[in-house]
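These notes are about the structure you will find just below.
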There are 2 protein chains.
Amino acid sequence: MEEISSFAGSVRNVLFIMCDQLRADHLSCYGAGKGALHTPNIDRIASRGARFERAYVTSAVCGPSRTSYYTGRYPLSHRVTWNRVPMPVDELSLGDYLEQAGRSCWLLGKTHFMPDRLSVKERRWTMPEAARALFDEGGFTPIERYDGHFEPEAGSPYRQYLLDKGYESERPWSDFVIGSRLADGSVTSGWYMRNAGLPAQVRAEDSETAYLTDRAMSFIEARGEDPWVLHLSYIKPHWPYKAPAPYHDLFGSEDCRAPVRAQRERTNGHPVHLAYQQQEESLSFAQDDVWRAIRPVYMGLVKQIDDQIGRLLDHLERLGRLDDTLIIFTSDHGDFLGDHWLGEKEYFFEPAIRVPLLIHDPASAHKGPQVFNEFVECIDIVPTILDAVGIVPPEHRIEGVSLLPLMRHGTSAGWRDYAVGSLDYAYREARQILGRDPAACHGMMIREGRYKYMHWQDYRPQLFDLHDDPDELCDLGRDPALERVRSRMRDALIDWNDKRKTRATETYEQVKQRTHAHERLMNILIGRW
Amino acid sequence: MEEISSFAGSVRNVLFIMCDQLRADHLSCYGAGKGALHTPNIDRIASRGARFERAYVTSAVCGPSRTSYYTGRYPLSHRVTWNRVPMPVDELSLGDYLEQAGRSCWLLGKTHFMPDRLSVKERRWTMPEAARALFDEGGFTPIERYDGHFEPEAGSPYRQYLLDKGYESERPWSDFVIGSRLADGSVTSGWYMRNAGLPAQVRAEDSETAYLTDRAMSFIEARGEDPWVLHLSYIKPHWPYKAPAPYHDLFGSEDCRAPVRAQRERTNGHPVHLAYQQQEESLSFAQDDVWRAIRPVYMGLVKQIDDQIGRLLDHLERLGRLDDTLIIFTSDHGDFLGDHWLGEKEYFFEPAIRVPLLIHDPASAHKGPQVFNEFVECIDIVPTILDAVGIVPPEHRIEGVSLLPLMRHGTSAGWRDYAVGSLDYAYREARQILGRDPAACHGMMIREGRYKYMHWQDYRPQLFDLHDDPDELCDLGRDPALERVRSRMRDALIDWNDKRKTRATETYEQVKQRTHAHERLMNILIGRW
């Protein structure tokens with residue numbers, strides 16, 4: 001954190017693109033190209049910059065993962081361990097840090113952020129309108145916040161856009177964006193996965209992905225030569241799995257890979273994994289009909305994002321912005337789509353906890369494409385962005401590290417040996433299936449070079465050998481021969497916990513200076529004979 | 001936490017007495033009676049109520065320990081890991097919880113609390129005067145806050161009291177309360193331990209301990225039949241080790257126990273322990289002259305506290321308040337006084353991390369004296385007090401448990417198996433001696449039935465067998481035969497971390513209800529085929 005890259009300042013703008021629920025292995029730069037799905041536009045970012053092969057989120061759930069992306073801190077530190085848990089009022093975000101430096105973090109799309117208004121009210125705090133606006137949005141300055149996944153409220157820009165475009169309905173999102181017309185003329189909801197193969201009633205150019213891209217392009221153009229930091233946060237390919245034509249049938253079930261799963265995961269699985277397998281979305285994806293219907297649509301949604309990224313990159317190029325804009329492309333987590341007999345995400349297997357991470361950095365673009373195998377984590381994004389725009393990341397709070405020294409100078413000495421994830425499954429059916437107290441549903445993951453260790457509160461651990469078993473189908477959590485490995489992983493968990501930034505209200509120096517000033521002033525002489 | 005004692009409501013008042021740096025083994029009810037020091041008045045609390053044999057603080061440092069006493073949370077949760085670290089603005093204290101219920105926590109004496117004013121300022125929060133006053137004092141309502149250990153500022157009540165009593169000086173505390181007159185007529189500071197044996201120039205009845213007792217007695221009498229919760233927080237026997245006559249020479253070096261220490265701790269000690277041994281106060285106490293001079297004065301200061309507790313109990317009895325007042329007597333940590341070649345506290349050995357804890361509970365007084373061997377921790381005080389006055393402790397925040405079910409009904413099913421301590425030695429000479437980064441000075445302790453395990457960031461652990469080696473002189477941290485024990489203790493550390501209350505901004509139900517309402521309203525149907 002002490003080394004601010006010597007290129008800092010050459011980056012004027014930051015475009016921080018996030019997808020929702022995008023698996024790394026569905027991009028061709030991550031190997032999806034061996035199948036039918038090609039993502040040449042997203043690959044352009046990789047081809048001009050860095051691709052991180054081992055990028056992990058701190059939690060495979062929107063709320064905790066995004067709060068890590070936005071604060072630079074692990075979930076156990078920022079404490080938003082599930083969706084819609086209000087962020088504690090002492091936490092600061094990327095937007096707050098930028099504001100302190102006289103800049104802003106503009107937002108288009110989803111954050112899933114929930115302010116802790118109740119605490120503010122109970123403590124009787126008031127704040128000026130501008131401060132309140134930032135507080136309510138977790139430090140972001142929304143151009144348009146659009147969290148997706150439900151009918152936009154009356155008066156919201158995307159709803160108005162749909163109405164203006166002629167999608168006449170009380171519920172234009174439900175009826176057109178995720179709605180499909182059945183043969184009998186009725187409209188069915190995209191929430192019902194059996195309808196996934198039907199096209200959405202919305203035109204592709206009016207769908208969420210295109211709409212957000214349009215707005216981003218307009219914003220960037222309107223800024224002219226004024227620098228900006230923009231978080232463009234797509235809400236796809238997150239469900240409802242519903243794509244507009246032609247993306248709804250670009251792919252068929254013959255184009256998609258079958259779920260990676262083994263019978264022994266069902267018959268001899270870990271208790272927590274077994275409970276997750278019993279959740280509705282997992283039972284659905286356990287059926288071949290389901291994954292065969294959904295995976296092609298998921299691929300179509302990814303393809304649409306790729307097309308829109310193409311438009312966006314062309315636009316940046318035309319404006320000359322590729323030369324002074326740091327572009328980050330990532331996702332908040334993946335999607336099992338039936339892998340390991342699971343739907344959704346959350347569990348620590350690679351399809352959910354590993355994410356794509358591509359960074360185009362004008363100051364290291366001359367190096368050509370780079371691929372890094374270092375373990376990087378979503379907490380690294382805040383310090384990377386601050387570093388890029390010349391702001392010293394507050395190291396007493398931020399637990400991630402800037403990726404720029406690595407990208408620009410290959411500086412990897414002392415790099416972390418592992419990535420760490422956590423999961424609080426209190427709010428899931430799995431908890432009820434297991435009959436657990438909501439305060440006792442804690443899981444941790446350590447992923448190091450060879451092994452992945454999963455710690456489950458009150459249950460035995462799981463262990464996977466990613467060298468011999470990259471698909472994580474053989475749980476070695478009870479293998480007597482590997483007790484030393486498991487012990488080492490537990491030590492790493494304790495080691496990791498030591499390093500978290502707990503004393504965060506002030507810097508070391510601030511506390512020390514006040515203490516020393518006080519002790520000098522007061523002639524305090526502890527220990528003097 | 002779910003069981004609120006059926007006796008709740010019979011307690012009208014709470015007197016929460018804390019000493020500063022008082023070792024458990026210097027009270028006769030804890031075995032000090034085998035020596036010259038008798039504490040019959042403090043023992044009266046034990047004889048009418050509960051004595052906890054295994055009471056531990058979460059940190060043997062004022063700031064972190066007191067913040068645990070006041071918030072009911074471990075230092076890694078409340079994050080005040082050292083003195084003068086501002087408490088994060090999202091933390092709530094005993095006083096805050098009482099205020100929410102329309103009561104107050106009155107304060108006389110020390111809290112060591114430091115508000116995070118900088119954050120409030122940076123976030124541009126304002127609050128009404130009453131809320132600001134509570135914020136500034138960590139939820140306490142001061143009758144008089146008096147943190148001790150330095151010259152009180154102009155206009156402060158104790159300074160004015162001293163001046164009114166004729167202690168004429170610009171610095172009455174320095175010259176009289178901790179000052180002694182030398183043979184040549186000059187006044188010397190009590191900070192210089194070589195002068196410990198000389199009497200303070202203040203009269204015993206005007207010293208800090210007596211003054212705070214007087215004020216407490218006045219407050220209690222003035223309240224009449226109005227209920228109250230009072231934190232009476234003495235600042236002795238913390239140094240400067242300086243007692244007024246006659247307490248300065250009630251005891252001689254022949255009355256005190258020699259420090260518990262072994263040569264092998266110096267020659268073959270743990271790196272962190274060795275570094276602590278090199279700090280000035282430890283080097284001082286390594287000299288026989290020093291502990292022989294200090295221990296008798298420390299005993300005298302304890303004896304004075306005992307005398308003042310006697311006055312206070314008599315006063316309560318006269319007012320009839322013993323029948324409706326819960327009395328808690330404890331300390332924020334102990335003092336090594338040369339044990340283990342250490343001065344001060346901080347390290348995890350018993351003289352520092354174990355504390356006295358006595359509770360007189362009117363609703364269980366009929367049971368006569370009770371002695372408990374359960375592990376209790378200072379985080380149990382907040383829920384105990386709330387329980388006593390009929391307030392349900394907020395279980396999504398508070399990590400301790402009420403002691404009342406144990407005292408009133410013997411309910412100990414599922415009681416914790418261990419006590420946990422932590423230490424952040426960033427601000428100590430030991431860090432500099434070891435050449436460590438201030439962000440990497442983390443230690444943890446687990447004390448269970450037989451063993452005490454000390455985890456030190458980046459160093460080998462320490463292990464002590466308290467059955468065979470109650471004085472903790474034989475470090476088994478490297479004994480190959482005990483690897484299984486150490487492994488079990490590491491597992492307990494992870495297990496403990498799982499149980500901390502991380503998701504604390506709202507209750508489980510609050511988040512769940514909002515989420516369900518949202519999902520119902522929005523027809524969100526994840527996983528449906």
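In what follows, every chain begins at residue 1, and chains take the letters A, B, ... in the order their sequences are listed.
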Item to complete: Salt-bridge test for B:R79 and A:D90: reply yes if a basic N is under 4.0 Å from a carboxylate O, no otherwise.
Response: yes
Worksheet item: Are A:N497 and B:L76 close enough that some pair of their side-chain heavy atoms sits under 4.5 Å apart?
Response: yes
Worksheet item: Contact part of B:R132 toward chain A, heavy-atom cut-off under 4.5 Å: side chain, backbone, both or neither?
Response: neither
Worksheet item: What distance separates B:I494 CD1 from A:H455 NE2, expressed to the nearest 0.5 Å?
Response: 6.0 Å
Worksheet entry | Atom group of A:P75 that falls short of 4.5 Å from chain B, counting heavy atoms | backbone
Worksheet entry | Heavy-atom proximity to chain A below 4.5 Å, by part of B:S487 | side chain
Discussion item. Given heavy-atom pairs under 4.5 angstrom as the criterion, report whether the side chain, backbone, both or neither of B:D116 touches chain A.
Written reply: side chain
Discussion item. Show the nearest heavy-atom pair for residues A:R503 and B:P438, with the distance to one decimal.
Written reply: NH2-O, 3.0 Å
Fill in: chain B interface, residue from A:R490, A:E151, A:M114, A:E281 that has the most non-hydrogen pairs under 4.5 Å
A:R490
Worksheet entry | chain A contact via B:F285 - side chain, backbone, both or neither, heavy atoms under 4.5 Å | neither
Worksheet entry | Region of B:L92 in contact with chain A, defined by heavy-atom distances below 4.5 Å | side chain
Worksheet entry | Contact origin within B:A426 toward chain A - heavy atom pairs under 4.5 Å | both
Item to complete: Against chain A, label B:W529 side chain, backbone, both or neither, depending on which of its atoms sit under 4.5 Å from a heavy atom there.
Response: both
Worksheet entry | Ring geometry between B:F150 and A:H518 (parallel below 30°, tilted from 30 to 60°, perpendicular above 60°) | perpendicular
Worksheet item: A:Q279 versus chain B, heavy atoms under 4.5 Å apart: side chain, backbone, both or neither?
Response: neither
Response to the item:
CZ (B:R117) and OG1 (A:T505) are apart, to the nearest 0.5 Å, by 13.0 Å
Discussion item. Given heavy-atom pairs under 4.5 angstrom as the criterion, report whether the side chain, backbone, both or neither of B:L493 touches chain A.
Written reply: side chain
Worksheet item: Roughly how far apart are A:R124 CZ and B:T126 OG1, rounded to 0.5 Å?
Response: 11.5 Å
Worksheet item: Going from CZ on B:R84 to CD on A:E506, what distance comes out if it is rounded to the nearest 0.5 angstrom?
Response: 12.0 Å
Worksheet item: Between the main-chain N or O of A:V511 and the side-chain N or O of B:Y427, is there a donor-acceptor pair closer than 3.5 Å?
Response: no
Worksheet item: So which part of B:T81 gets closer than 4.5 Å to some heavy atom of chain A, the side chain, the backbone, both or neither?
Response: side chain
Discussion item. To the closest 0.5 Å, what do you measure between CD (B:E344) and CD1 (A:I526)?
Written reply: 4.5 Å
Worksheet item: B:S284 side chain to A:G527 main-chain N or O, any donor-acceptor pair under 3.5 Å?
Response: yes
Discussion item. Between A:H396 and chain B, with a heavy-atom cut-off of 4.5 Å, which part of the residue counts as in contact: side chain, backbone, both or neither?
Written reply: neither
Worksheet item: Can you say whether B:N83 sits under 4.5 Å from chain A via the side chain, the backbone, both, or neither, judging by heavy atoms?
Response: backbone
Response to the item:
When the 4.5 angstrom heavy-atom criterion is applied to B:M87 and chain A, the contacting part is backbone
Discussion item. Quick check: closest heavy atoms across B:W125 and A:V89, and the distance to 0.1 Å?
Written reply: CH2-O, 3.5 Å
Discussion item. Heavy-atom cut-off 4.5 Å, strictly under: side chain, backbone, both or neither for B:Q510 against chain A?
Written reply: side chain
Worksheet, complete the sentence: Rounded to the nearest 0.5 Å, the NE2 atom of B:H442 sits from the CG atom of A:D498 at a distance of 5.5 Å
Discussion item. Please classify the contact between A:E99 and chain B as side chain, backbone, both or neither, with a heavy-atom cut-off of under 4.5 Å.
Written reply: neither
Item to complete: Tell me, for A:L525 versus chain B, whether the close heavy atoms (under 4.5 Å) come from the side chain, the backbone, both or neither.
Response: both
Practice prompt. Select one option (side chain, backbone, both, neither) describing which atoms of B:A293 are under 4.5 Å from chain A's heavy atoms.
Written response: side chain
